[in-house]
Amino acid sequence: MINTKEIQALDSAHYMHPFTAHRELAQKGARVMVKGEGIYLWDSEGKKLLDGMSGLWCINVGYGRKELADAAYKQLLELPYYNSFFNTTTIPPVQLAKLLAEVTPPQFRHVFYAGSGSEGNDTIFRMVRWFWDLEGQPQRKVIIGRKNAYHGSTVCGTSLGGMSGMHEQGDLPIPGIAHIEQPYWFDLARDTDKDEFGLQAAGWLETKILELGPDKVAAFIGEPVQGAGGVIIPPATYWPEIQRICDKYGILLIADEVITGFGRTGNWFGCVTFGFKPDFINFAKGVTSGYVPLGGVMVGERVARVVIEKGSDFNHGYTYSGHPVACAVAIENIHIIQREKLVERVRDDTGPYLKQKFEGLKDHPLVGEAETCGLMAGLVLVKSKKPVTMFDPKLAVGMVCRGHMFGNGMIMRAVGERMIIAPPLIMTRAQIDEMIDLIRFCLDATLSDLQGRGWMN
Ligand code: PXG
C-alpha cells in the first residue's frame, strides 16, 4: 500500500519541481502518479485519469508498452553505454539515424543527437552560427523566434522561446535573438479573414528582417503548431509564406517539432502537414514516446553539405549524444508507430473524428473557439460569445476549469483561457467519444461554478 501523505511530505521536503511554486505545492501536496496503461493513468489514491496530454506531449504510443521495456532491457544488458566521441560509435544510434532519415522529409539524411528538446535547440543555435562562418558570412548572427513560443528551458532555449515570464528570470534573452508576434488569429484578428491574417502574420517576419538588415539574419525558428503556448494552430497560408520569405533572403528555416513530430499532426512531421521545407528539425518527446529521454536535430542537406565538406571539428556534443539504450527504445517506438499505422490512423481516421467531435463543443456557452490539428486541440473559454467577451485573466478561469477536469478524471491543460489536449496517438474512436463526454461534463461543472462565483455577469 502506498502512503500518499508520506510521499508528499518527502516530496515537499526534498524535491524541487520544474515550473512550480514550491510553497503552494507544499500546502496542497503533489498528486502522486503510480501507474499507466494505454491512455489511462492511476494515482496513489487509486483514482483513474484519462491522460489527454500524453504525459507532457510525449507518450505517443501509450503507457505500458512491453516492447519498449524489452528493447531497453536487452540493450542495457548488451551495452548500456558507450560514447560517440573520438571516432567511436555503438549500433543503435546508427540504426536509428537510418530510420530517422527514412521517416523525415527527403532533405534530411543526417542527425545530431541530444538528450532533450532544449539541448537540441542549443545544438541548432551553435550549428547555425558555425554554418554561416563556414559560408563566409559571420555577420549573420541573429535568430528570429516568436512571442509565446516554447523552445526549452536552457539559457538558449529560453532565449529562442518567447515566454515573457521565463525571460524575466535571468535577464534573458541572450543577445542575437529577436522575436516577432505569434500567428494567433483568435486573439489578434478574429474579425478578419483567417488566410489573410496568415499572410499578414508571416509578413511580420519580413518586416523584422528588413529592420535588422537581411545580411545580419541567420535563421528563423518556429513550432509548426505552438504547443506549450496553447495549441496555436496557424492559418494554412502562414507557413508557405514564411518559407517564401526565408528563401527570398537566404535565411535558414528551423522547425521545432518536439511536440509536432512523430505523428502528432497526422503526418510524421508538422512541416509536412503545413507544407514547408525546413533546414533543421528539432525533435525529442515522441521519438521514444517519453519512455527514456532522447532528443536530436535533423540537419538538412543545405547545412550538412557545408559543415561536412568545409568544417573541421564541431566543438560540441553531449555525454549522452546517441545513448544506445535511448536509441534502442526509439527504434522500437518508431517500429510500433509504423506497425500500427498510427500516423495514417491520425491522418485519416481519429484526427478527422476528433476534429468533428471537438469542434462540436463550440455549442457550449463557455466555448468561444475550438480547433484541432491531428491529435492536438485547443478551445477558448469566453465569458460571452456574441460579441466575444474574454474573462479577466486575473480570475484564472482556465485553472478553475482544469480543477474540474482533474477532479473528474480528465487531464486537460490550461494555458490562460485556452484548454488544450494532445492525447496518445493510439486513442480509438470510442475513447474519443468518452473523452469528449468527459470534457463536456466538466465544462458544465465549470459553468455552474463560475455562475456561482458571480463571474459570468
Ligand atoms: N521545443 C518545444 C517545441 C517543446 O515543446 C522543448 C523544445 C524543450 O524540450 P525539453 O525536452 O528540453 O523539455 C519543448 C518542451 C508545457 C511544456 O507546459 C512543454 C514542454 C516542456 C515542458 C512543459 O506544455 N515542451
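Each ligand, and each atom within it, is numbered from 1 in the order the structure gives. For clarity, every value in this text was computed on a predicted model and none was experimentally measured.
Using a 4.5 Å heavy-atom cutoff, the side chains of Val217 and Tyr249 are not in contact. Side-chain contact between Thr158 and Gln169 is absent, with no heavy-atom pair separated by less than 4.5 Å. Proximity of Ile251 to Ile144: side-chain heavy atoms (C-beta onward) are nowhere separated by under 4.5 Å.
Atoms of ligand 1 lying under 4.0 Å from at least one heavy atom of Ile259, given by number and element, are 5 (O). Heavy-atom contacts of Glu223 reach the following atoms of ligand 1: 3 (C) (cutoff under 4.0 Å). Within ligand 1, the atoms closer than 4.0 Å to a non-hydrogen atom of Gly117 are 8 (C), 9 (O), 10 (P), 11 (O), 12 (O), numbered from 1 in the order shown. Of all atoms in ligand 1, listed by their number and element, those nearer than 4.0 Å to a heavy atom of Arg413 are 16 (C), 18 (O), 24 (O). For ligand 1, the atoms closer than 4.0 angstrom to any heavy atom of Ser116 are 11 (O), 12 (O). Under a 4.0 Å criterion applied to the non-hydrogen atoms of Ala228, ligand 1 contributes the atoms 16 (C), 19 (C), 24 (O). If you number the atoms of ligand 1 from 1 as listed, the ones under 4.0 Å from a heavy atom of Lys285 come out as 15 (C), 20 (C), 21 (C), 25 (N).
Ring pair Phe314/Trp130 is parallel by interplanar angle, where below 30° counts as parallel and above 60° as perpendicular.
The single protein non-hydrogen atom nearest to atom 22 (C) of ligand 1 is Leu56 CD2, 3.5 Å, given as residue, atom name and distance. In terms of protein heavy-atom proximity, atom 13 (O) of ligand 1 is closest to Ser118 OG, 4.2 Å. Of the protein's non-hydrogen atoms, the one nearest atom 3 (C) of ligand 1 is Tyr150 O, 3.2 Å.
Aromatic pair Tyr15/His17: centroids less than 6.0 angstrom apart. The aromatic ring centres of His316 and Tyr318 sit less than 6.0 Å apart.
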Please evaluate residues Ile334 and Leu96 with respect to the criterion side-chain contact (heavy atoms from CB on, under 4.5 Å), reporting the C-alpha separation (whole Å), side-chain torsions for both, the decisive distance (0.1 Å), and the verdict. CA-CA 9 Å; Ile334 291 173; Leu96 177 60; 3.7 Å; yes
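Nearest to atom 1 (N) of ligand 1 by heavy atom, out of Asn121, Asp256, Ile221, Val231, is Asp256.
Close N/O approach between Trp57 and ligand 1 is found [any backbone or side-chain N/O within under 3.5 Å].
With rounding to the nearest 0.5 Å, the separation of CG in Leu438 from CD1 in Ile411 is 11.0 Å.
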